[in-house]
Novice: 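Just passing along the structure, written as structure tokens.
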There are 2 protein chains.
Amino acid sequence: MPGKAKAPTGAKARSGNGLSALSGDELGSAAQRDRRRRIIDATLTLASKGGYDAVQMRAVAEKADVALGTLYRYFPSKIHLLVSGLAREFERAQEKLERATIPGDTPSERLMFVLGRNTRLMQRDPHLTEAMVRAFMFADTTAAAEVEQVGRLMENMFAKAMGIEDPTEADRDIFHVVADVWMANLVAWVTRRASAADVANRLELSVHLLLDKSV
Amino acid sequence: MPGKAKAPTGAKARSGNGLSALSGDELGSAAQRDRRRRIIDATLTLASKGGYDAVQMRAVAEKADVALGTLYRYFPSKIHLLVSGLAREFERAQEKLERATIPGDTPSERLMFVLGRNTRLMQRDPHLTEAMVRAFMFADTTAAAEVEQVGRLMENMFAKAMGIEDPTEADRDIFHVVADVWMANLVAWVTRRASAADVANRLELSVHLLLDKSV
DNA sequence: CGCGAGTGTAGAACGTGTTACAGTTTCTTG
DNA sequence: CAAGAAACTGTAACACGTTCTACACTCGCG
């Protein structure tokens, strides 16, 4: 496993917005942010069309209108690329959620609502989901940071859904389990080992058991 | 995604052992069974030494002393190969378990024992675990059968651990969730996003919540 | 015994992720 | 604005999974 490839570090200190590194987005010049956006756009477009295999680095570079070497400077591997794409999708989904009120009488009902909604959203674009979810699961240590970012996004999403301000360690542990179950079910769905109904049932069961203990 | 590659179908009707296709093992002549064994041995040896990346098809073929084409006739892809390797490891672990009495006063305690034991077992060979677990998660539809076989092995293991003769649908659903959580935690451990202690804690928590409901 | 189908072998060839590099453009800084 | 650094570009090269081809071996059966 050879070489490196750092993210562009052109501008030293940007006109500081206080936020540290929310998603690796607010780094670099406008042109760089735009390149990054184009790259992820191209990635998601290709993924949506043909799944994991269709996301070919040369194709991404061409569609994003950057050189192959530049692509690798921004994203050191195909995995980084796709996991970052997943992160962006989750960010967007989260933004949408912020603007809506989540129905449900209990926290677990609201969590189920959010899970169901996002699951259906992803199932509407099977190829894209296949590409992102498989990359997420296949990620190696070099992409651990990106994977963890996605993990945090899921945590936040769950916390918001359940109306929890700042989760305790115990809360986070449960979120973690829910996230694991969710992702595992998406993997099973993506590989056609589970139907959409299976996924819904298993999520329902898991959330119920994990949150509505003494029933 | 081109070509095929069927498993060898040399001998027409084997001297029938009633069992249908327990693990794809009892097919073919003695020489063929031996080739298959050698191939998986080579795979696990290489995986143990250098993980997923070290399992290179040419290397496997050479170490197993078969031609590359033959390797592909037996296992149509690297993923099939590694997932089959995982299946064999689980079969062996299961056999060992059969011969020991599982300690624990409650079903959930016994399940935890089995989970913990196997987790530690796998953690003793990080490279091997990395190779098998990542392949398992990355598997595409073409390897769904192999993945499901591993799923069944886990189900059986859990059922045996808990002393359940033939699991109900509800039992299986729970096993499925436990398996998902287990694998997800192994993935996290393999990519160094979770420590061994993290894994143990999360398994404990999950099993507790999933099985010891009204506490 | 000799044929034919199925299996195995060796090795070339191809595709795609990744790296390397030489030259050009763009930024930063004094 | 000039010099140097950093970022980009285009392109070749390399590695490894996978496929293909041509030939050899084996074994059951007529």
Novice: Does the plane of the ring in B:W182 sit parallel, tilted or perpendicular to the ring in B:F90? Use 30° and 60° as the thresholds.
Specialist: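 Geometry flag for B:F90 against B:W182: parallel rings.
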Novice: Could you check whether any side-chain N or O of B:E98 sits under 3.5 Å from a backbone N or O of B:E95, counting only pairs where one atom can act as donor and the other as acceptor?
Specialist: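 It does not hold such a pair.
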Novice: Quiz question: going by heavy-atom distance under 3.5 Å, is there a donor-acceptor pair between the base of D:dT9 and the side chain of A:R73?
Specialist: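 Side chain to base: no pair present.
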Novice: Looking at B:K49 and B:D125, is there a salt bridge between them, counting it only when a charged N and a carboxylate O are closer than 4.0 Å?
Specialist: no
Novice: Extract all donor-acceptor atom pairs below 3.5 Å that involve side chains of residues 56-69 of chain A and protein atoms in other chains or at least two apart in sequence.
Specialist:
from, atom 1, to, atom 2, distance (Å)
A:Q56, NE2, A:D53, O, 3.4

Novice: Please report whether the ring centroid of B:F136 lies less than 6.0 Å from that of A:F138.
Specialist: no
Novice: OP1 or OP2 of D:dC8 less than 4.0 angstrom from a side-chain nitrogen or oxygen of A:Y74, does that happen here?
Specialist: yes
Novice: Using a strict 4.0 Å threshold on nitrogen-to-oxygen distance, state whether A:D34 and A:R37 make a salt bridge.
Specialist: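 Looking at A:D34 and A:R37, the cut-off is met.
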Novice: Should B:S84 and B:I40 count as side-chain neighbours, where that means a heavy-atom distance under 4.5 Å?
Specialist: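 Counting from C-beta outward, B:S84 and B:I40 do come under 4.5 Å.
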Novice: Would you kindly give the CG-to-P distance between A:L81 and C:dT16, to the nearest whole Å?
Specialist: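 Taking CG of A:L81 and P of C:dT16, I get 16 Å after rounding.
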Novice: Measure distances between side-chain N and O atoms of B:R35 and base N and O atoms of C:dG8, and say whether any donor-acceptor pair falls under 3.5 Å.
Specialist: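 Donor-acceptor pair under 3.5 Å: no.
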Novice: What's the CZ-C1' distance between A:F75 and C:dT19, to the nearest Å?
Specialist: 19 Å
Novice: Would you mind writing out the side-chain donor-acceptor pairs for residues 185-192 of chain A within the sub-3.5 Å range, not counting sequence neighbours?
Specialist:
from, atom 1, to, atom 2, distance (Å)
A:N185, ND2, A:V181, O, 2.9
A:T191, OG1, A:V187, O, 3.0
A:T191, OG1, A:A188, O, 3.2
A:T191, OG1, A:R193, NE, 2.9
A:T191, OG1, A:R193, NH2, 3.4

Novice: At a heavy-atom distance below 4.0 Å, what parts of residues 63-71 of chain A sit against DNA chain D?
Specialist: A:D65, A:V66, A:A67, A:T70
Novice: Taking atom P of D:dT18 as reference, at what distance in whole Å does atom CG of A:D53 sit?
Specialist: 10 Å
Novice: From NZ of A:K78 over to C1' of C:dT19, roughly how many Å is that when rounded to an integer?
Specialist: 17 Å
Novice: Whole angstrom is fine here: how far is it from CE in B:M57 over to C1' in C:dC14?
Specialist: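 Result: 16 Å.
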Novice: Can you tell me how far P of C:dT7 sits from CZ of B:R33, to the nearest Å?
Specialist: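 B:R33 atom CZ is separated from C:dT7 atom P by 15 Å.
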Novice: Nearest-Å distance, CD1 (A:I39) to C1' (C:dG17)?
Specialist: 16 Å
Novice: Please tell me which of the listed nucleotides, D:dA7, D:dT18, C:dT18, lies nearest to the side chain of A:Y72?
Specialist: C:dT18
Novice: Which of these nucleotides, D:dC16, D:dA7, C:dT7, is closest to any side-chain atom of B:Q56?
Specialist: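 Selected nucleotide (nearest to the side chain): D:dC16.
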Novice: What residues, two or more places apart in sequence or in another chain, satisfy side chain to side chain donor-acceptor pair (under 3.5 Å) together with A:R134?
Specialist: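 Counting only residues at least two positions away or on another chain, A:R134 forms a side chain to side chain donor-acceptor pair (under 3.5 Å) with A:E130.
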Novice: On DNA chain D, check which nucleotide each of A:A31 and B:I79 is closest to and give me the residue with the more 5' one.
Specialist: A:A31
Novice: Calculate the interatomic distance between A:Q32 atom CD and C:dT25 atom C1'; express it in whole Å.
Specialist: 13 Å
Novice: Need to verify one output field. Residue with the more 5' nearest nucleotide on DNA chain C, B:R58 or B:R38?
Specialist: B:R38
Novice: For A:V60, report the nucleic acid contact type (base, sugar-phosphate, nothing); a contact means any heavy atom under 4.0 Å.
Specialist: nothing
Novice: Taking only residues two or more places apart in sequence or in another chain, which ones pass side chain to side chain donor-acceptor pair (under 3.5 Å) with A:H80?
Specialist: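 With sequence neighbours excluded, A:H80 shows a side chain to side chain donor-acceptor pair (under 3.5 Å) to A:S77, given in chain and number order.
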Novice: Just the atom pairs and distances: protein N or O near nucleotides 27-29 of chain D's N or O, under 3.5 Å.
Specialist:
none

